[in-house]
Amino acid sequence: MLSEIYIENIAVIEKVSVNFNNGFNVFTGETGAGKSIIIDAINAVLGQRTSKELIRTGAQKAVVSAVFSDFNSHSLQLLGEMGYEPDEDGVIILYREMYASGKNVCRINGVPANVGALREISKILITIHGQHESYELLTPDLHMQYIDFYGKLENDISEYKKEFIKFRDLRTKLNSGKESESERLKKLDMLRYQIDELEQAELEIGEDEQLLSRRKMLQGSETIRQCILSACSLLSGDEDYDGAVSAIKNACDEINEASEYQEDLSAIAGRLNDVYYELEDISDELSRNDDFSYDTQQELEEVEERLDLIYKLERKYGPSIEAILESLEQAKSEFEYLDSYEYNMEKLLSQYREQKKLCENLAKNISEKRIQSAKRFSQEVERQLTFLDMPNVKLYFDIQVTELCETGCDKVEMMISPNVGEEAKSISKIASGGELSRIMLAIKNVLAEGDHTGTLIFDEIDTGISGSAAHKVGLKLRETSRTKQIICITHQTQLASLADTHFLIKKEVRNNRSFTEVNELNFEQRVKEIARIMSGTDVSPLTLKHAEEMLKKGMES
């Protein structure tokens with residue numbers, strides 16, 4: 001359940017902290033006091049899209065945090081599968097900072113997260129039914145979701161969708177393969193040219209790197225040759241100079257002679273001998289180096305020509321030799337497919353027919369389950385509507401067979417007959433606003449049995465109803481609150497008097513700034529607020545007495 005919410009710098013709310021209880025919680029307040037802002041703040045911490053206009057004027061950022069606790073076993077399992085677990089205190093804390101620049105800082109139990117993570121985890125924790133959500137009843141595309149959820153068809157639909165994707169891909173290939181013979185031949189000619197061009201190039205992976213290294217060496221060949229000649233001269237000498245090797249040899253002879261008289265010079269003589277032999281080997285190796293003793297210009301031109309060919313192919317077929325060779329294999333595969341066009345088309349057509357048959361069988365199975373689910377769902381909703389003072393309403397689902405699509409082979413629309421003997425018609429054509437609210441509440445109550453979230457929020461679900469119907473809506477919400485936490489924003493005394501916990505949202509103006517506060521009401525305060533809802537600002541003693549009687553009756557019922 002939602003244990004606490006903290007809101008800072010959201011619209012007219014500077015700082016507010018609300019501690020919720022189990023059972024039935026209601027918010028009331030005058031129009032414009034900020035009731036909708038509470039919902040906006042909750043939506044924000046649940047990862048929903050927000051506007052920077054939500055940030056309080058003059059503030060750099062807004063903050064919302066929500067504390068959830070008392071999870072049921074199913075929610076704990078789902079949270080674990082997502083990689084989240086309650087902390088040592090048994091709570092999960094969602095946190096979001098929103099900056100005027102558009103930046104967001106999100107955390108889950110103190111660990112950095114993103115808005116998407118908040119949105120995903122919130123699906124397990126809480127469900128919000130907005131004040132305009134009743135109008136989703138006017139969208140037939142959503143009606144199928146009701147009976148699918150109620151009938152627990154998720155696995156069937158998931159399996160079907162996997163197979164439908166395969167079917168759709170085969171259909172696309174089949175349609176794209178039905179090109180004219182002349183187009184096929186043109187494509188074969190083009191592929192043949194590409195394959196010949198790439199095969200004649202005889203490219204090897206890493207060849208370009210080796211060529212670049214060789215080109216660099218060839219471009220500096222004259223410098224390399226002059227440096228080697230100079231080094232050989234310095235080591236081996238010339239007509240005017242004996243060179244370093246000869247000088248080291250003379251030094252060795254001198255130290256060897258001296259070591260006959262001073263034994264500790266023997267080690268130095270040995271080291272100097274090693275230097276002499278190493279330099280002599282180096283001098284011999286350099287003198288034999290004839291890599292650039294020839295004219296390198298021709299080889300340089302050949303290397304440049306080879307690199308130009310590779311660059312040309314990279315521009316046409318891919319950014320690297322690896323990509324070019326992949327293009328070659330793809331071209332070969334496509335050529336082979338087109339060259340064996342008739343055989344492949346027959347094979348593809350056979351696969352298409354088999355996959356279509358499989359999808360048709362799966363879709364038919366789903367359709368049959370939908371029909372059964374729709375029947376049971378309608379009966380449950382009608383039972384709820386009877387309690388909500390709509391005993392004569394009959395609910396039907398018009399399920400028509402369609403071509404295969406992502407959801408199966410059905411087109412679903414909810415139909416109602418509002419009165420005995422009347423023909424069932426589309427709900428969008430005959431239901432009033434108040435009827436829509438009660439029908440949606442009935443649907444939500446039926447679906448709530450399969451909804452494992454611990455908290456349900458209703459934002460003015462009672463719009464358009466009053467009197468006995470409003471009282472019945474309140475009773476239904478309180479009934480639901482026995483197994484789930486209910487949070488409801490309302491203008492109806494009938495709902496407010498039935499709540500277990502009553503919060504008042506109040507706006508005040510101080511120093512030319514608006515401030516909204518949220519306070520939990522005690523019994524006497526609840527009586528005054530219910531009386532205010534009844535009669536406005538002019539509350540008479542009789543109204544107060546009526547409000548008190550209503551609250552006591554609500555607490556007893």
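Positions are given from 1, in the same order as the sequence printed here.
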Report the C-alpha separation of Val26 and Ile489 in whole Å, then their side-chain angles, then the decisive distance to 0.1 Å, and conclude whether the side chain to side chain contact (heavy atoms under 4.5 Å, CB included) test is met. CA-CA 6 Å; Val26 298; Ile489 291 178; over 6 Å; no
Please step through side chain to side chain contact (heavy atoms under 4.5 Å, CB included) for the pair Phe164 and Thr407, ending with a clear verdict. CA-CA 9 Å; Phe164 177 77; Thr407 55; over 6 Å; no
Give the C-alpha distance, both sets of side-chain angles, the deciding distance and a yes or no for salt bridge (Lys or Arg N to Asp or Glu O under 4.0 Å) between Arg192 and Asp189. CA-CA 5 Å; Arg192 188 180 291 109; Asp189 286 341; 2.9 Å; yes
Could you please spell out the steps behind the side chain to side chain contact (heavy atoms under 4.5 Å, CB included) verdict for Met190 and Tyr193? CA-CA 5 Å; Met190 181 188 69; Tyr193 171 81; 5.8 Å; no
Residue pair Leu328, Leu203: steps toward the side chain to side chain contact (heavy atoms under 4.5 Å, CB included) verdict: CA-CA 11 Å; Leu328 173 59; Leu203 298 179; over 6 Å; no
Pair Lys332, Glu199 - check salt bridge (Lys or Arg N to Asp or Glu O under 4.0 Å), show working. CA-CA 11 Å; Lys332 286 181 176 179; Glu199 286 185 337; 3.2 Å; yes
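The shortest heavy-atom contact between Met82 and Ile121 is CE-N, 3.7 Å. The two residues Ala11 and Ile37 come nearest to each other via the heavy atoms CB-CD1, 3.6 Å. Closest of all the heavy-atom pairs between Met98 and Ile55 is O-CD1, 3.4 Å. Between Asn22 and Asn25, the shortest heavy-atom distance links the atoms O-ND2, 4.0 Å.
The environment of CD in Glu368 is crowded: more than 12 heavy-atom neighbours from other residues, nucleotides or ligands sit within 6.0 Å. Counting heavy atoms of neighbouring residues, nucleotides and ligands inside a 6.0 Å radius, atom CD of Glu360 exceeds 12 of them. Counted within 6.0 Å of CG on Asp196, heavy atoms from surrounding residues, nucleotides or ligands total more than 12; the atom is thus considered enclosed. More than 12 heavy atoms of other shown residues, nucleotides or ligands fall within 6.0 angstrom of atom CZ in Arg376.
Distance check: Ser75 OG to Ile126 CD1 gives 11.5 Å after rounding to the nearest 0.5 Å. In this structure, CG on Asp148 lies 4.0 Å from CZ on Arg370, to the nearest 0.5 angstrom. Remark: Asp156 CG to Lys369 NZ distance equals 3.5 Å, nearest 0.5 Å. The distance from atom NZ of Lys444 to atom CG of Leu447, rounded to the nearest 0.5 Å, is 6.5 Å. The NE2 atom of His143 lies 15.0 Å from the CG atom of Asp410; values are rounded to the nearest 0.5 Å. The CG atom of Leu198 sits 7.0 Å away from atom CD1 of Ile324, with the distance rounded to the nearest 0.5 Å.
Residues Tyr6 and Glu4 bring no donor and acceptor atom of their side chains to less than 3.5 Å of each other.
Looking at Arg383 and Glu380, a side-chain N of the basic residue comes within less than 4.0 Å of a carboxylate O on the acidic one, giving a salt bridge. Salt bridge status for Glu479 with Arg482: absent, with no side-chain N to carboxylate O gap under 4.0 Å.
Remark: of the listed residues Glu403, Glu406, Glu163, Glu406 is the sole one forming a salt bridge (charged side-chain N to carboxylate O under 4.0 Å, His left out) with Arg168. Partner of Arg215 under the salt bridge (charged side-chain N to carboxylate O under 4.0 Å, His left out) criterion, out of Glu302, Glu304, Glu301: Glu304 alone.
Stacking of Lys356 on the aromatic ring of Phe167 is not recorded, the 6.0 Å distance cut-off and the 45° axial limit not both being met.
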For a quick test of your reading: what N or O donor-acceptor pairs under 3.5 Å do the side chains of residues 102-117 make, sequence neighbours left out?
| unit_1 | atom_1 | unit_2 | atom_2 | d |
| --- | --- | --- | --- | --- |
| Asn104 | OD1 | Arg96 | NE | 2.8 |
| Asn104 | OD1 | Arg96 | NH2 | 3.0 |
| Asn104 | ND2 | Gly102 | O | 3.2 |
| Asn109 | OD1 | Ile93 | N | 2.7 |
| Asn109 | ND2 | Glu85 | O | 3.3 |
| Asn114 | OD1 | Gly116 | N | 3.2 |
| Asn114 | OD1 | Ala117 | N | 2.7 |

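Looking only at distances, a side-chain donor or acceptor of Ser327 sits under 3.5 Å from a matching main-chain atom of Tyr317. No side-chain donor-acceptor contact under 3.5 Å links Ser350 to the backbone of Glu346.
Ring geometry for Phe377 against Tyr146 counts as parallel: the plane angle stays under 30°, on a 0 to 90° scale with 60° as the upper cut.
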